[in-house]
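See structure below.
Every heavy atom of this structure was used, including side-chain atoms; hydrogens, water molecules and symmetry mates were not. Note that the numbering runs from 1 along the sequence shown for the chain.
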Amino acid sequence: SCTFSAKNLSNSSVLGLIFHLKTLTSITINDKYVDDAAMRWLYVIPKSCSHLEVLSMKGLVLTMATVKEHEWECRYLRDLRVRFKGLEDAQLIYACIIDVRSQRQRPYRANIADSISAQVSRHLIQFSKLSIVSLGTKVMKVKMINNPKNPLDLPEIRALVASFLDHKDCLSCMCVSRDWFKDFVTGVWYSIDLAKDTKFVDLSPQVINKYGHYIRQVSNILTYEDVKALMHPTLDSVTSISVTNHINPYHRAIELDFIRRNNASLTTLSFHGPTPEPDTFEELYNRNENYLEPSLLISCSPPSTELSKAGSHLTRLSLSRVCITHEGFTNILRSSPVLRKLQLSKVIVCHYNPIFEQFQNWSVTSLHASLAGVCCPSPHSGWSSSLLPYFSHLEEWHFPAVNRPSNWSSDANFRRELQEYNPRLKTLRFDPVDDNDLISDLLFDSFRLIESCTFSATNLSQGMVLSLISHFNTLTTIRITDNCTDDAILRWLYLIPKSCIHLEVLSMQELILDMTTVEGQEWACWDLKELRVRFKGLEDSQLIDECLRDVCFQRQNPSRSSAINPISLQVSRHLLKFDKLTNVSLGTKVFYIPLSAA
């Protein structure tokens, strides 16, 4: 223990203290001092004296920025008496101490904004044994952290458990105690599906007032009763909304008010035009209720607020059966800096005017839209001819349909457009279509440098296999969904892993391969890391387990097979050829195969 006056503070005195760093547990510095040249040495003391339990220098004022630069190592600190610059007000000091107490009980749930109080609070919370604190006013006690005996005593664990329980179980847990109530009530109210939770529309305003602030997801807003039930000010922190636009203007106004009220928190929006679905684009164009007002998705916060400067928080946006002006569509993209995934279905961008600047969105990386819906949608005077120029950073395109529009020029021209506007596009996904050639021709003629392709086994054909092989230099991922039992078609499948030598992921878990044919068409994808497939004769889960255990065993003990069944041994030998293979599914769950010890 050492006590001295701040007037004697110098680099020599600090070095003298550090000389005793292994034994010093208490340092008290009396008096005030304002010499910054000498004060700067003070910050080295709590950084070096790691065994300190008491640090009292209540007459001195520290700067939090400098404290952060010299991280304190005195993890045994129990008693701290000091002042911080900017934290002179008694109310701020009290709020800081209360926040430390609160976070001791409920970690990571700060009660104060990011200010000097919050910075000091975060600094103090690092010292788990700290129990006595004075920040320039009276000495206050801070309850020490007690390590819980039961994991469920931690609110973070309870909140995690709540996310896996259904409403009935969460209701039971809410009855355990007041703390449990706070953590499990979110599991009951977090997500509301108005198509299933039909009793929600009958709840009283008093119930919504009490629990509405817990609601984060609202889906299937379909009827006027649904919209009316959402007319409450506590429903202002929803992050995900799925709504179908109403034909009645009065009902539609209430629905749009609900969306605007949650603009500050909204990250996912699915907005659909009214039903019944129009048969043609012209019919969609002529319906007033199908027009989308862009201001709905643009923050109307005051210009001085952070939200106004940053734009909306939307990361996912789905639009269906709506019309929107060229300027409006541009404004939505411009005000959504974190928008990543965009889904468009029967969307018309009308009143196109080339005078307006062609805005290129740098945030959208994933697009879910039909080919005709993006490129040359049904021709009409004043409609945008193509939406591709908007998405300069597009990386992934999911095609629900690949039918060419009536004014389609050629696949080759489309390729040139992609190269100009979407050079980052590397990932394609195709939903099942009736005409196999529509996909294979598009894949072969229009796309270059493709790294990932997903399609249905129902569209597997010679043309599709050849189109994939044409990208063998760049393809690293191929996923084939659904099942196919046509042996005449399946025989072409074996050429894919033989020809696509850079494959890292090959997933076709519904398809059954014949090991004899596999061995005849030797695979050349030596960088394979993930394989999901089934093999003929290896349908039994016990045989699959035996096969994969043998792969694991031989990875660690080469040439010492433990497999007995011939087909298990055959598949095991095949899998062992791929040194980088770690994730395997042979018809059951996904197994992790450790890499070779060598």
Side-chain angles (χ1 to χ4, degrees), residues 191-209 212 215-266 268-300 312 314 316-329 331-332 335 342-351 373 377-378 380 382-383:
S191 179
I192 303 296
D193 185 344
L194 292 167
K196 298 178 181 177
D197 304 321
T198 54
K199 294 182 179 179
F200 181 83
V201 298
D202 299 323
L203 294 177
S204 67
Q206 291 79 11
V207 174
I208 300 296
N209 186 62
I215 297 176
R216 293 294 178 268
Q217 297 178 355
V218 182
S219 57
N220 290 314
I221 306 173
L222 306 174
T223 66
Y224 170 63
E225 286 72 23
D226 295 341
V227 173
K228 188 178 178 182
L230 300 171
M231 290 177 59
H232 202 284
T234 58
L235 292 166
D236 62 354
S237 301
V238 179
T239 60
S240 176
I241 296 176
S242 173
V243 59
T244 297
N245 205 14
H246 287 71
I247 297 177
N248 185 304
Y250 170 68
H251 300 170
R252 189 161 66 246
I254 303 174
E255 159 205 313
L256 301 185
D257 282 342
F258 171 66
I259 298 176
R260 289 191 185 96
R261 194 189 319 137
N262 291 279
N263 259 343
S265 58
L266 198 60
T268 302
L269 175 64
S270 183
F271 188 91
H272 309 284
T275 54
E277 186 172 320
D279 295 326
T280 63
F281 277 102
E282 282 74 13
E283 185 181 347
L284 175 69
Y285 180 74
N286 291 323
R287 285 186 183 178
N288 291 334
E289 61 271 16
N290 288 106
Y291 279 83
L292 176 65
E293 174 55 48
S295 63
L296 175 69
L297 306 179
I298 300 174
S299 173
C300 49
S312 78
L314 275 179
R316 295 188 177 198
L317 175 61
S318 175
L319 300 177
S320 174
R321 306 188 297 274
V322 298
C323 295
I324 186 170
T325 65
H326 167 225
E327 186 179 3
F329 187 66
N331 286 336
I332 289 176
S335 63
L342 179 63
Q343 182 171 351
L344 304 174
S345 176
K346 289 194 175 180
V347 174
I348 297 176
V349 179
C350 57
H351 300 298
S378 187
H380 192 285
W383 290 9

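Using a 4.5 Å heavy-atom cutoff, the side chains of V243 and I259 are in contact.
Remark: side-chain polar atoms of R316 are not paired, donor with acceptor, to backbone N or O of Q343 under 3.5 angstrom. Under the 3.5 Å distance criterion, the side-chain polar atoms of N262 are matched with a main-chain donor or acceptor of S237. With T234 contributing its side chain and I208 its backbone, the two residues share a donor-acceptor pair below 3.5 Å. A donor-acceptor distance shorter than 3.5 angstrom exists from the side chain of D226 to the backbone of L222, with no hydrogens or angles considered.
The distance from atom CE of M231 to atom CZ of R261, rounded to the nearest 0.5 Å, is 8.0 Å. Distance CZ/R321 to CG/N245: 10.0 Å, rounded to 0.5 Å. The distance from atom CD1 of I324 to atom CD1 of I332, rounded to the nearest 0.5 Å, is 3.5 Å. One distance of note links CG of N209 with NE2 of H232; it measures 4.5 Å at 0.5 Å rounding. To the nearest 0.5 Å, atoms CG (N248) and OH (Y250) are separated by 9.0 Å. With values rounded to the nearest 0.5 angstrom, L235 atom CG is found 5.0 Å from I215 atom CD1.
L317 pairs with exactly one of L266, L344, L342, T268 by the side-chain contact (heavy atoms from CB on, under 4.5 Å) rule, that one being L342.
Residues passing the side chain to side chain contact (heavy atoms under 4.5 Å, CB included) test with S191 are Q217, sequence neighbours excluded. A search for side chain to side chain contact (heavy atoms under 4.5 Å, CB included) contacts involving T198 returns nothing, not counting sequence neighbours. A search for side chain to side chain contact (heavy atoms under 4.5 Å, CB included) contacts involving S219 returns D193, S242, not counting sequence neighbours. T239 is linked by a side-chain hydrogen bond (donor to acceptor under 3.5 Å, both in side chains) to nothing, counting only residues two or more places apart in sequence or in another chain. For H251, the ring-ring contact (aromatic ring centres under 6.0 Å, His included) partners at least two apart in sequence or on another chain are Y224. Annotation: side-chain hydrogen bond (donor to acceptor under 3.5 Å, both in side chains) contacts of S318 (sequence neighbours excluded): none.
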> Where do D202 and K199 land on the salt bridge (charged side-chain N to carboxylate O under 4.0 Å, His left out) test, with the steps shown first?
Replying inline: CA-CA 5 Å; D202 299 323; K199 294 182 179 179; over 6 Å; no
